[in-house]
Amino acid sequence: MEETAATTARVLEASGISKTFPGVKALENVSLTLNKGEVLSLVGENGAGKSTLTKVLSGLYRTDHGVGSIKLNGELVHFQNAKEAKDHGLITIFQELSLVKGLTVAENVFLGNLPRTKFNLIDWHTLREQTRNILAEMGLDISPDELAGDLSISKQQMVEIARAFTLGAKVLIFDEPTSSLTETEKEILFKIIHTLREKGVGIIYITHKMDEVFEISDRITVLRDGKNSGDLNTSTAKLDDIISLMIGRVIDDYFHKNEAEKGKEILRVEQLSSAGLFKDINFSVRQGEVVGLYGLVGAGRTELAETIFGARPVTSGKVLIEGQDVRIKDTGDAVRLGLGFVPEDRKEKGVVLKMSCIENTSIAKLPWMSNYGFLREKEEKEIFKEYKDKLSISTPSPQQQVVKLSGGNQQKIVIAKWLCLNPRLLILDEPTRGIDVGSKAEIHKLIAKLAESGIAVIVISSEMPEIMGVSDRIMTMREGKISGEFTGDDITEQNLITAIAHVN
Amino acid sequence: MQQAELMANPAEQRTTLMRRIAKATEKHGLIVAFFIVVAFFSIASENFLSPKNVMLVLRQVSILGTIAIGMTIVITVGHFDLSVGSLTSLTAVVVISMHDIVGPVPAMLIAILVGLISGAFIGYLVGYLRLNSLIITLGMLVGLQAIVLIYTGGKYTRIVAPDETWFGFIGRGFLFGVPLPVIILGVLLLIFSVILLKTVFGRQVFSVGGNPTASKFSGISDRKIIFTAFVISGFLTAIAGIIMGSRLMAAQNYLGQGYEFEVIAGVILGGVSLSGGEGNIFKAFIGILIIGILKNGFLLLGFPYYFQWVAQWVIVVGVVWLDVATKRGKVLG
């Protein structure tokens, strides 16, 4: 190792970072370096470990047994929490902004650090002046007196950057900062990043969008499956190199190829639109077919699925079930029509945590499991037993509250809830999120079996191997529109990444 | 959040002990509390267990108990109904004033209709328009009170010839030696327990109260369930108002004042979860019974009448504190 200018200019150096969650090795011996005044792109597929690494760096997570080291300006640091990281000048701008919406821009910029008069009251004059100066320095046209909540998302983001600036940021981490920005807003953000770079701030830029990688960064670090996969200089890197570093993986053999016979068309969606979420969506799903819906978070996949299921209003367009134009007004209509939906957010939308396994399994079937409004309790018990065996749900007792089950078993109960209704169409939104590897494989097998039994299946997933493994046909979504459709040999990682990633 | 989980809890052992105590309390605490209260007053006052006093207590709690059935359903579905006190006054005034004009049966039907309309109105605002039930029913508390005052002009309303009608039998009569209001309450407890535990609607009350979003994503119309819960509460409160009117054969605007508090105190003492999704009508009744016994017992012991409020205050604050504390895993700090 040469102790030259390169090392002195090094602002952040992380090495040997490992982080294990129950059942998942999220990071394994990962290292990362960042120089002063450098913009480093951190890229990788969903689940590659970008977010986990960010959280380790910013003090939200601690590494396994404190293994690995993080050096800031050559000094070894052990952040216990986010505040300590902040105090050291390592600041992260997360996708979810943390401004206090009821306070003014100036108050937000100096929050926790407000200038005082000699009577220990807030020195409003200085506060406004200083804020105005900072905003001007960053080239921003925002009034210090505006309420943060009244600003657009992009301006809120700018204010958050301004706050980082006053805190004396040495390292700024941006977590997909442009996901909710328009093209012009993005330009402003990039200008600010350039300004920061000139001031010697080291910047880590996390993104899925390859054009941004080339536009903004000096260097690229690629993660794959929680490990370092490569480091590239942006000026010499090619898109193909980056993508092959991101992927470079064999499809796991636990995927069952779906051999089911494709029958009649179950679902057809025509010109379906929902204001601000997605527009002019057309597709169909046949009996026994598994259609994958792939795209980045925020591309409108979940919203599309929830709209088909009647949980969100339709702005225009049609949904046809077996050729019939159905107007699904609410989720009750969808269930009566034979639709089922396994939501992404299991605890919020999938299960009633306080209720038992039995009650959660029968929850959607109740109206078909009663005489004059009275429940047929014996049938209810039998149904749970049947699906407990079929899906190998492991629970100490049918009366066990669902809150006490593992994520995988909770998910199986959500699936059982729909299977006991013999659905025509089942939509699964991120069906293996937060589930251990073993249960994941079981759920993948189950999806193939469902199709074989003649159900039409839609799977939404951000995980490339998963979507490629389970689907007969994949549709990609980008910014609320279908951006591609792939079958057979056209289903390649290259094609999918290109279709979702907005490469110019 | 994640951080709190990561930091291994040094007080874990203490927590599990607390949890165990909390669990045992949750299971049997209500019955234990009931017997302690009964034992205390029967030792302290020789009149307490006399048949006359027992009947008096039961008769007194029958009105609160009837309202509590509706309240249990409303709280289980995840909301509150603060309008029950004012609605009791209103329906009592309506049934009394209508009695001499249209006769007992139509008067009762009108009172029930008033209860249903009030419940449907709240149910629409809370279920369909998604307004906050606490504020809406707080508004109804004042609004219904105002309607009573406008309707009666603040005057005392009574049945002119109480001896010439059978209407008084409902509130004053006995059947097999048991006061009729107690029998009515018993029947209602049974019916609504069956509804809550054995029917599709009942199960949906628990699921909507436990997680409205997941219920919606299971094809349940959460708004319809919430609406129905408030309608039931309005209906049962009207029944309570009728019993009240029949017992007094007269009515005045402040009759039900403060009932909302007593009923909620009893219901949460009976273990109905304030966060929704958990509740048992019989346990709620035992909670009401404890409140009633305290009220009666303190009077027997010669405490001033307002002492019952001290007791209710201690109960409400204590129960909520314990409920939240056991969920957080610590009672102090």
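Lettering follows sequence order; numbering is per chain, from 1. Reckoned from all heavy atoms, side chains included, excluding hydrogens, waters and symmetry mates.
Here the closest heavy-atom approach between residue Val352(A) and residue Ala214(B) is recorded as CG2-CB, 4.3 Å. Across every non-hydrogen atom of Lys216(B) and Thr331(A), the tightest pair is O-OG1, 2.6 Å.
The contact between Ala311(A) and chain B is made by backbone and side chain atoms together, counting heavy-atom distances below 4.5 Å. For Phe374(A), the parts sitting under 4.5 Å from any heavy atom of chain B are the backbone and the side chain alike. Residue Glu377(A) touches chain B through its side chain alone, counting heavy-atom pairs closer than 4.5 Å. Contacts of Lys347(A) with chain B are made by backbone atoms alone, with heavy-atom separations under 4.5 Å and no side-chain atom involved.
Heavy-atom proximity under 4.5 angstrom to chain A picks out Val194(B), Leu197(B), Lys198(B), Thr199(B), Val200(B) from residues 183-202 of chain B. For residues 411-419 of chain A, heavy-atom neighbours of chain B at less than 4.5 Å comprise Lys417(A), Trp418(A), sorted by residue number. Among residues 217-235 of chain B, the residues having any heavy atom closer than 4.5 Å to a heavy atom of chain A are, in sequence order, Phe217(B), Ser218(B), Gly219(B), Ile220(B).
For the set Ile363(A), Val335(A), Asn360(A), the count of heavy-atom pairs under 4.5 angstrom toward chain B peaks at Ile363(A).
Partners of Glu262(B) according to the side-chain hydrogen bond (donor to acceptor under 3.5 Å, both in side chains) rule, which considers only residues two or more places apart in sequence or in another chain, are Lys295(B).
Asn211(B) places a side-chain N or O within donor-acceptor distance of the main-chain N or O of Glu348(A), the cut-off being under 3.5 Å.
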